[in-house]
Each structure stands twice: as C-alpha cells, then as structure tokens.
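In the text below, chain A, chain B and the rest are named by the order of the sequence lines, each starting its count at 1. Note that the structure is a prediction, hence the values are computed from the model and not measured.
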There are 2 protein chains.
Amino acid sequence: MSRVTIKDVAKEANVSVGTVSRVINGEKNVSKENKQKVLKAIETLGYVPNTYARGLVSGKTNSISIVVPMIRTDFYDRLINSVDCVLIENNYESSIFPLLSEYRLKKFLEKSSILYHSDGILMSSLPVQKLFKDGVVPTEKPVVLIDMESNFYDCVYIDNHLIGRIAAKILLEKTTNLYVMTFIEPDTIFTSGVFKKRIEGFEEVLKENNLTFSSKKVFHSELNLHYALNEAMSILKRIQKFPVGFFATTDLFGYGLILAANNLNLEVGKDIFIVGVDGQPWTEDIGLTTIKQPIEEMSQLATNILLDKMNSKFSMSSRKSVKFDPLVIRRNSA
Amino acid sequence: MSRVTIKDVAKEANVSVGTVSRVINGEKNVSKENKQKVLKAIETLGYVPNTYARGLVSGKTNSISIVVPMIRTDFYDRLINSVDCVLIENNYESSIFPLLSEYRLKKFLEKSSILYHSDGILMSSLPVQKLFKDGVVPTEKPVVLIDMESNFYDCVYIDNHLIGRIAAKILLEKTTNLYVMTFIEPDTIFTSGVFKKRIEGFEEVLKENNLTFSSKKVFHSELNLHYALNEAMSILKRIQKFPVGFFATTDLFGYGLILAANNLNLEVGKDIFIVGVDGQPWTEDIGLTTIKQPIEEMSQLATNILLDKMNSKFSMSSRKSVKFDPLVIRRNSA
DNA sequence: CTGTTAGCGCCTTCAT
DNA sequence: ATGAAGGCGCTAACAG
C-alpha cells in the first residue's frame, strides 16, 4: 500500500486536505499559488490517490470492463484495440473479461464480481438474454452491447441476416448452384447465433428467387483453417456440377475453400465463386470477396455511447440502438 | 450503487454490524443461530458487500491481474484458463490486461493504474527489466512472472535455449540439411526474446557438431497461419536438396510447413522433417513432432506461488525461481 | 460469542 | 479561495 495520503500532501504543502483534493480533481477554485505548492508536494512525496477510498465516496474508477466470449480471434483483437483508442483520449483504462468458462459466468452473475467494479460495461457478441437472469446484467452501471441486438440495452450491431442476403445476391449474379459452409454453434447459453442468422438471410433470398435450398447443401467446419481445408477438399471432391457458388459464413472458410480449389485445379472466380464474411485484412492477399463488419467503427461508437452514459449525471438519456450496414468488398472470388 | 449496507443487514437480523461482518468473511466465531439470521437477512435484502469499502480497510479484492503481451494465441489462451482453474478453487477472480500498445504501457507505468487494484499480479512473457523503470513493477503487491526469468521476482519459466538444443538434436537424427522458421520479434521493449533464445540453442548444437549454419537458413513469418503457409510455400519451392529438416520455433509454423509440404507433394517424415514448439493439442491431428512447454503446470504453479505470497502476512517468504523442463512429443514429422 | 467503536483515504458540504 | 468536519461501508481491535 502506498503509505502517503492526502493528509501528508496537505502537511507538506501547508494547505488543507480540501485544497489538495480540489487540485487532484482539477477544480478551478484554487489559487495558482496553492496549486503549485500542492503539485510540488505530490511530486516530492510520490503521492498516489487511493482508488478504494475514492471509489467508496465517489463510485468512480476511470475504467471500464470489456466482456467478450473469447479472446483469440482477429475479431476481438480488433475490437479491443478500437475501444482502447477511444479510451485513451478520455483517460480511461479497460480490464478485459473473457467469458471462458461456466465458472466465470457464475462469477459474473454475482453483483459482487470485479467485472462490475468499473464505471461501465462493454459487452460483445454475448446473448445477454440467455446468459443473465431475466436478461439483466446484475449491475446499476451503464452497459452497452456490441455485435448484439437488444431491446433493453444500448447496442451497436450489424444485421447478420442482411449479410446472408447480400452474400446470396452476389453469388446469384454468378450461378444458382449454391452451397454454404458454416460453423455450427453448439446451442449453449454462450452462443449468440450469428451464423444461423446469416444462413437464414441467405436462404431467404434464394426462396425469393424461387430456388429450392436444402439443408444438404449446408456443410460445416470448425473454426480453424486445418479443419476448414480438410472439409473444403472433401466437399469439392463430391461436387459434380460446376460452376458452383459458396457462402462462407466467415472468411476462414473462404480461405479453406480457396486453398482446396487451388489444390483441385479449380479456378476461383470461374469454376467456383466464394463470398466470405468479416473483411479480414488477409482476404485481400487471397482475393476473397468478403462482407465486412465495420468492427472498428462499431467499437468506437459503442465506447463513446458508454462514456456518454457514464458521464451524464441524469440517467434519463434515451436508449440508443445503432445498426451498421455491412460493407461489401469485391475481389476476384465472386 | 447498491443501497443496502451492512448496517441494514444488521438491523434486519437484529445483530450488530460486527456479527454481520464476521458472517460475510466466514469467520467461525458466530453462533449458528445468528449466522442463519444474518444469511437470511442478506438474502431478503439482496445485500452485496461494497468492494471499495472493503478494499479501503483491508486492501483485499479477492482478485488478481494477469498481464500478457497479447491475447490471440493458443499459448495465452491456455495460460489464462489454467490460472483460472487455480483461482476457482480459491474463490478468486482475474482481470486480464493485454499490453497491446505503448499507451497501455504508459498507463501500467503509473502506480494508479487499475492493473494494481488487485491483490497480486501475474505477468507472462514480458521483459520486466526493459518495460519498467529500474526493472521494478510499480506496486507493493506481490508479482510473479511466468515464462520469463528474473533475479528479482518470483518466476516460473522454461529454458528456451534448451528447447532449441533439443530440436536440433532431434532433427540431426534425420538430416544435417537444416533450416529454421521463426518469428522475428521487433526489438522493442515489449519483446521478451524467447524466439531468439530458441534459435541460439539450436545453432549451438549445430556448432558442437561442426556444422556451419548461416543466417540465410533462417526464414521468418508472422504469427498467423495464413502468413506461415505462404512463407512455407515460398521457402520449400526454393529448396533444392532433400531431405530437409525444419525447426519451427512455434507449432504454428510447423503447421504451415506441413500444409505447404502436402501442397507440394513432399512427404512429411521422409522428404521433410519438422520439429515445432509448444505442444499445442492440434499438433496431434497433423502429426507434428513438438517440444511442449508445460504451460498448464507452469501457470498453475505460478498462480499458487502468487496466492501464497498474497496470503502470507509476513512478506519474508523467499523468492522462488522454478525452471521447467521441456517435454518432447514425437510424432511422424520427425 | 457478541456489540461497540475507531479509523481506512477521500470527497463534499458548510462555514468562513 | 480555503479549512473544518462529517460521513462513504467496512473491518478489526477491544471490551465484555
């Protein structure tokens, strides 16, 4: 523990603790002279405000919590970095809480979790309704959701249904011989169901075009390239009719398909058309047409909304629900 | 803010705040009768202890901070999960702090960072000497290092030099035509230099065997499979002499090499031998011989050491420095 | 075993 | 503009 307190600083500077407190908190009702003295005292004593004491009385920590389902994908990496950029400008810090296990979830269900010891909570890609009792995060602090729709909390998200629709439209320009490669989310309370929504949108467009589409045309893979490549090989080998179009519900699967196609001497953009999702930077290298989620913009907006909420003394600010549009990046795969 | 305090509970249960406090903190000097009353009152009132008040007086938060360089690799994923397992048993929580940017580092240099608002700090793969002024983490809380040697802090690490040596010995059983595929850490204060050490160990053995080894035989890649695969393809295409042996300083690169080899119709375990590092679970699927870091064991031990430190009232417990041995897992790639 | 009480370090009126 | 004083909610020491 830091032994030097506001009292010591006051003594050193020959002022009262009240004055020191005012200086620390950047109030203006302090004479320049005294301000200098206090600043100097703080410097020489190496004083650091005690956050607990501060939190006890004011309830502020100048930090927010970021809750994500996992932390080892490009998506969350970019998200966290974007959030941090906004926090920097506002002199905030962030702690990260990946919802890695049931145990962690159990902790997060309790009001006393350190998750809620910050000034606000940013939650990404998590099905709040399923996760929390009555769909309510157990805290009075402001909560903003990213990549998830909600009728109760502020949220910034993208229409995954629309992503599927767009993918279908792009592919239909090329062929009606269509397949899907996706990830089957295990149906636990952790899953948000985005992949499902993408496929629903996709099928919807096919139906609108009077095309039949059976579940036999939906293949699945795990979320790693190794698996995706294997699966893509096996799928492509079985396909009889070309050209063929693939909706890859995430770029990774598009990658697998391209690798497999190369391997089987299928020409991408001619024998096989592929549309991925996420707009990962490396899709450019492999020429994958992709539907980008503007993660950076979404994250930044969500952070700003959260900061606003936190700093508006009146909690009457209305709920914001911002839907972003997917961004189509066309390359030679479709 | 939770409006109900310990006082309210005391009133509701017809006991004193002292008794309530004892119940909350699991002390045994409480009659069963009173304990029940208090528990019931807590239940009906929905009381939640205020952490700031608690922290103010006792300095405890029942949480630790985990600091890692980044969060999107298998390594840190496993590390964090292992730490969590130990925390579960001890009713602790963890916050995660990835050192993603210079800005974050700047924050972490200040004593007031939320990083230090926990009861202890677990730091992984970070060059404390370079990062912090005088090599000292700005906190009085206990600090334990994982995957990093130190003369000052408790640490649990593995001999990366030895990993390189082992890899060389395995490969030399097969061929003397050796290459390295590694990650070139930018030489910033963030980098720990583990890759470099692995290569040094590798070269050392070659020298001991009177084999020349030039830096031309060291190829590098970024830490993602896409890049690794591309690089592996380009390397393998240029190689004239087979069989060839590759030291992949992390499993990911071994994966890239295997994929590339398959693609180029090279037989792994015959035309090309590969040794990876880390012992990732998926190496089994792809038949990659790997040198495992016992991440789980290391993480768990480090956590236990930290918990010990935190709970020993006397800070005189001696510094512990534990070196783990790498574990060789042989498969058909070498 | 239980109640009482003195702070922990800080912010915030309230006088001055 | 400044100082004095009263808590914030809790733990821990002490007295019973």
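Judged by distance alone, the side chain of A:Y153 and the main-chain N or O of A:V136 form no donor-acceptor pair under 3.5 Å. For the pair B:D84 (side chain) and A:R104 (backbone), a donor-acceptor distance under 3.5 Å is absent.
Across all strands, A:V20 comes closer than 4.0 Å to no nucleic acid atom at all (heavy-atom distances). Among the heavy atoms of the strands lying under 4.0 Å from A:T19 are primed sugar atoms or P, OP1, OP2 only; no base atom is included.
Taking atom NZ on B:K32 and atom C1' on C:dT2, their separation rounds to 18 Å, with Å as the unit. Between the C1' atom of C:dG9 and the CG atom of A:D8 lies a distance of 11 Å, rounded to the nearest Å. The distance from atom NZ of A:K37 to atom C1' of D:dG3 is 13 Å, rounded to the nearest whole Å. The separation between A:K7 atom NZ and C:dC8 atom P is 6 Å, rounded to whole Å. Put simply, CG on B:L56 is 14 Å from P on C:dG7, counting in whole angstrom units. Regarding B:K11, its NZ atom lies at a distance of 12 Å from the P atom of D:dG9, rounded to whole Å.
A:R54 has a side-chain polar atom (N or O) that falls below the 4.0 Å cut-off from OP1 or OP2 of C:dC11. Within the structure, every side-chain polar atom (N or O) of B:N34 is placed at least 4.0 Å from both OP1 and OP2 of C:dC1. Between D:dC10 and B:Y47, a contact under 4.0 Å exists linking OP1 or OP2 to a side-chain N or O. Remark: B:N29 is in phosphate contact with C:dC1, judged by side-chain N or O atoms under 4.0 Å from OP1 or OP2. At least one side-chain nitrogen or oxygen of A:N25 sits closer than 4.0 Å to the OP1 or OP2 atom of C:dC11. Regarding contacts with the backbone of C:dG3, a side-chain N or O of B:S16 is found under 4.0 angstrom from either OP1 or OP2.
With distances taken from any side-chain atom of B:R22 to the nucleotides C:dT5, C:dG9, C:dT2, the minimum falls on C:dT2. Side-chain atoms of A:T5 lie closest to C:dC10 of the nucleotides C:dC10, D:dG3, D:dG9. Residue B:S31 places its side chain closer to C:dC1 than to any other of C:dG9, C:dC1, C:dC10. Here the nucleotide nearest the side chain of B:V17, chosen from C:dG9, C:dT5, D:dC10, is C:dT5.
With axes fitted over five pairs at each extremity, the angle between the ends of the helix from C:dC1-D:dG16 to C:dT16-D:dA1 is 40° (10° resolution).
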Taking distance alone, no hydrogens or angles, what donor-acceptor pairs closer than 3.5 Å link side-chain atoms of residues 8-17 of chain A to residues at least two apart or in another chain?
unit_1	atom_1	unit_2	atom_2	d
A:D8	OD2	A:T5	N	2.8
A:S16	OG	A:G18	N	3.4
A:S16	OG	A:T19	N	3.4
A:S16	OG	A:T19	OG1	3.4

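The aromatic rings of A:H117 and B:Y52 lie tilted to each other, with the angle between the two planes from 30° to 60°.
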